[in-house]
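In this chain, numbering begins with 1 at the start of the sequence shown. Source: prediction; values computed, not measured. Hydrogens, waters and symmetry mates are skipped; everything else that's a heavy atom, side chains included, is used.
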Amino acid sequence: MAAANSDRAKKIVQGFKLNWMNLRDAESGKILWQSNDDLSQPGVEHEARVPKKVLKCKAVSREINFSSEQELENLRLEQAVQFKGKPMEEWLFDFGFVIPGSTNTWQSVIEAAPESQMMPAGALSGQVVIETKFYDGDLLVSTSAVRVFYV
């Protein structure tokens, strides 16, 4: 949960802000959860209280609104979902070029595992940590972690 050590990475982190994020049922478009917390900040384990009905969706649309003071040639995320500290899933997302001084909205769709493979919300709640690594191309910019509680 730390920023990368290069000067470029430090500049990017200092000028990067996650303004808001939401999760929607991808089929209906209904917002199930929203946060205005900057969950991208390294150095602290963030918490998200997400309605357990999100686990019933066939697909979830995640919308992120972020601002960046720095130009990014190829913004991408690697997310590792851990259950009780063990890897469960990995998701890769590519945004691409980010204009310096811009605010952007990025929407991605995450398809659910088959229902037979889904664990109940009670077993997952508080035991799932989503670790997100932010990259500009191959440069690791920062790593953040969010512990998920299903309510």
Main chain of [Y], side chain of [X]: is a donor-acceptor contact present, judged purely on distance under 3.5 Å?
X    : Y   : result
R24  : G29 : yes
S144 : L39 : yes
D25  : E27 : yes
D38  : S40 : yes
W33  : P51 : no

Can you name the nearest heavy-atom pair linking [X] to [Y], along with the distance?
X    : Y    : value
R147 : G126 : NH1-O, 2.7 Å
T143 : P42  : O-CB, 3.4 Å
A26  : V109 : CB-CG1, 4.4 Å

Heavy atoms, side chains only, cut-off 4.5 Å: are [X] and [Y] in contact?
X    : Y   : answer
I64  : L18 : yes
K53  : K30 : yes
N104 : F95 : yes
T103 : N65 : yes
D136 : R8  : yes
D138 : R76 : yes
F66  : L75 : yes
W106 : V98 : no

Transitively linked via ILVMFWY side-chain contacts under 4.5 Å: [X] with [Y]?
X    : Y    : value
I31  : M21  : no
V129 : F93  : no
L124 : I110 : yes
W91  : L77  : yes
M119 : L55  : yes

Rounded to the nearest 0.5 Å, what separation is found between the [atom1] atom of [X] and the [atom2] atom of [Y]?
X    : Y    : atom1 : atom2 : result
R62  : Q79  : CZ    : CD    : 4.5 Å
N22  : N36  : CG    : CG    : 10.0 Å
S68  : Q14  : OG    : CD    : 12.0 Å
R49  : S125 : CZ    : OG    : 8.0 Å
I130 : H46  : CD1   : NE2   : 12.5 Å
L23  : S35  : CG    : OG    : 9.5 Å

Practice task
Kindly check if the number of other-residue, nucleotide or ligand heavy atoms within 6.0 Å of NZ (K17) is above 12?
Solution key: yes

Exercise for the section: Identify, with sequence neighbours excluded, every residue that meets side chain to side chain contact (heavy atoms under 4.5 Å, CB included) alongside E69. Expected result: none

Exercise for the section: May I ask you to decide whether K133 forms a salt bridge with E78, counting only side-chain N to carboxylate O separations under 4.0 Å? Expected result: no

Exercise for the section: Go through the steps for T132 and V146 under the test side chain to side chain contact (heavy atoms under 4.5 Å, CB included), then give the verdict. Expected result: CA-CA 8 Å; T132 303; V146 178; 6.0 Å; no

Exercise for the section: Please assess C57 against L32 for the test side chain to side chain contact (heavy atoms under 4.5 Å, CB included), listing each intermediate value before the final yes or no. Expected result: CA-CA 10 Å; C57 297; L32 303 174; 3.6 Å; yes

Exercise for the section: Would you list the pairs meeting ring pair (Phe, Tyr, Trp, His ring centres under 6.0 Å) in which at least one residue belongs to residues 107-151, sequence neighbours left out? Expected result: F16-F134

Practice task
Considering only Ile, Leu, Val, Met, Phe, Trp and Tyr, and joining two whenever side-chain heavy atoms are under 4.5 Å apart, list the other residues clustered with I99.
Solution key: F97

